[in-house]
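Heavy atoms only: backbone and side chains are in, while hydrogens, waters and symmetry mates are out. In this text the structure is predicted, and so the values were computed from the model without any measurement.
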Amino acid sequence: MVDLEKLRFTKTHEWLRVEGNTGYVGITDHAQKEITDVVFVELPKIGKEVAKAGEAAVVESVKAAFSIYAPVSGKIIKANDAVEKDPSLVNKSPYEEGWFFAIEIKDKSEADSLMTQKDYLEFIKTGAH
């Protein structure tokens, strides 16, 4: 089970799990509930450079298509093929099996500037989307 207190969060509802210089990225449980059933995921190509807050992936649900933004700048080093084959993993397991990609973090201070779990829970509680 993922320790949510170790994750960092964006205002666009991505989470970031940092392991060394690698960051794993997915969307929050709150976000997957809001967009409902995920039916398609387009992952970034490995080797692609992304900027913080730059579009990195696309998720389509029964409601609409949504961009997934990179929480930090860096190079895509892994893509979760399992979520491409079974997009429902985003709904079933948003913090574990439903991650989208891993990024080689260029500047760790960008991760430190993201919200903690406590900050994120307050953010969604106030309805700021």
Side-chain angles (χ1 to χ4, degrees):
M1 182 113 189
V2 171
D3 183 355
L4 298 180
E5 291 187 11
K6 291 185 177 175
L7 301 181
R8 291 295 175 258
F9 300 88
T10 68
K11 290 183 177 179
T12 49
H13 307 285
E14 290 86 9
W15 55 258
L16 176 74
R17 184 180 74 236
V18 177
E19 294 179 7
N21 288 333
T22 301
Y24 290 83
V25 178
I27 60 171
T28 66
D29 186 52
H30 172 78
Q32 68 83 18
K33 285 178 181 166
E34 289 286 312
I35 66 175
T36 67
D37 298 334
V38 175
V39 294
F40 178 78
V41 175
E42 182 182 322
L43 298 173
K45 299 228 180 293
I46 292 172
K48 179 181 177 181
E49 294 276 344
V50 292
K52 180 179 180 176
E55 186 177 303
V58 176
V59 169
E60 287 183 30
S61 75
V62 294
K63 279 187 166 180
F66 305 90
S67 295
I68 304 300
Y69 301 100
V72 292
S73 302
K75 183 168 72 175
I76 303 297
I77 55 173
K78 287 184 198 170
N80 186 359
D81 295 336
V83 85
E84 236 175 12
K85 291 176 187 154
D86 182 6
S88 70
L89 288 174
V90 176
N91 298 109
K92 291 179 198 164
S93 181
Y95 296 112
E96 294 179 4
E97 296 174 58
W99 60 278
F100 297 122
F101 57 89
I103 188 167
E104 186 178 78
I105 301 171
K106 204 178 247 182
D107 179 358
K108 278 189 143 182
S109 70
E110 289 182 349
D112 295 337
S113 69
L114 299 172
M115 291 185 281
T116 63
Q117 180 195 25
K118 183 181 171 194
D119 296 338
Y120 179 72
L121 292 175
E122 187 64 31
F123 172 73
I124 58 175
K125 197 167 108 182
T126 59
H129 304 261

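- Between Ile76 and Lys45 there is no side-chain heavy-atom pair separated by less than 4.5 Å.
- Using a cut-off of 4.0 Å between Lys/Arg side-chain N and Asp/Glu carboxylate O, Lys63 and Glu34 are scored as not salt-bridged.
- A side-chain donor-acceptor contact under 3.5 Å links Gln32 and Asn91.
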Audit row: Met115, Lys11, side chain to side chain contact (heavy atoms under 4.5 Å, CB included) steps and yes/no: CA-CA 8 Å; Met115 291 185 281; Lys11 290 183 177 179; 3.7 Å; yes

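- For Asn80 (side chain) and Glu97 (main-chain N/O), a donor-acceptor pair under 3.5 Å exists by modelled atom type.
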Trace of the side chain to side chain contact (heavy atoms under 4.5 Å, CB included) decision for Phe123 with His13: CA-CA 10 Å; Phe123 172 73; His13 307 285; 3.9 Å; yes

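- Crowding of Glu5 atom CD: a count of heavy atoms from other residues, nucleotides or ligands under 6.0 Å not exceeding 12.
- At a threshold of 4.5 Å between non-hydrogen side-chain atoms, the residues Asp119 and Phe9 do not count as touching.
- Across all non-hydrogen atoms, the minimal contact from Ala70 to Val50 is CB-CG2, 3.7 Å.
- With hydrogens and angles disregarded, a donor-acceptor distance shorter than 3.5 Å links the side chain of Trp15 to the backbone of Ile27.
- Minimum heavy-atom separation, Leu16 to Ala111: CD2-CB, 3.7 Å.
- Across all their heavy atoms, Ala56 and Phe101 have their closest contact at CB-CZ, 3.6 Å.
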Carefully, step by step, assess Thr116 and Arg8 under the rule side chain to side chain contact (heavy atoms under 4.5 Å, CB included). CA-CA 5 Å; Thr116 63; Arg8 291 295 175 258; 3.9 Å; yes

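- Without hydrogens or angle criteria, Gln117 side chain to Leu7 main chain gives no donor-acceptor distance under 3.5 Å.
- Taking CG of Leu121 as the start and OG1 of Thr126 as the end, the distance is 11.0 Å to the nearest 0.5 Å.
- For the pair Lys108 (side chain) and Gly20 (backbone), a donor-acceptor distance under 3.5 Å is present.
- When all heavy atoms are compared, the tightest approach of Lys52 to Ser73 is N-OG, 2.9 Å.
- When hydrophobic clusters are built by joining Ile, Leu, Val, Met, Phe, Trp and Tyr residues whose side-chain heavy atoms come closer than 4.5 Å, directly or via intermediates, Leu4 is not grouped with Leu114.
- In the model, Lys78 has no side-chain atom that pairs as donor or acceptor with a side-chain atom of Thr22 under 3.5 Å.
- The shortest heavy-atom contact between Glu84 and Leu43 is OE2-N, 3.7 Å.
- Contact check for His30 versus Tyr120: side-chain heavy atoms found under the 4.5 Å cut-off.
- Contact check on Asp86 versus Lys92 returns a salt bridge, with a Lys/Arg side-chain nitrogen under 4.0 Å from an Asp/Glu carboxylate oxygen.
- In terms of hydrophobic clustering, with Ile, Leu, Val, Met, Phe, Trp and Tyr side chains grouped at heavy-atom distances under 4.5 Å, Phe66 and Phe100 are assigned to a common cluster.
- By the 4.5 Å heavy-atom criterion applied to side chains, Val83 and Val90 are counted as neighbours.
- Neither side chain, Tyr69 nor Thr10, offers a donor N or O lying under 3.5 Å from an acceptor on the other.
- In this structure, CD1 in Ile103 is found 12.5 Å from CD1 in Ile46, a value given to the nearest 0.5 Å.
- Between the Glu104 side chain and the Ile77 main chain, no donor and acceptor come within less than 3.5 Å of each other.
- The minimum heavy-atom distance linking Val25 with Pro71 is given by the pair CG2-CD, 3.7 Å.
- Side-chain contact between Lys75 and Lys106: absent, with no pair of heavy atoms (C-beta onward) separated by less than 4.5 Å.
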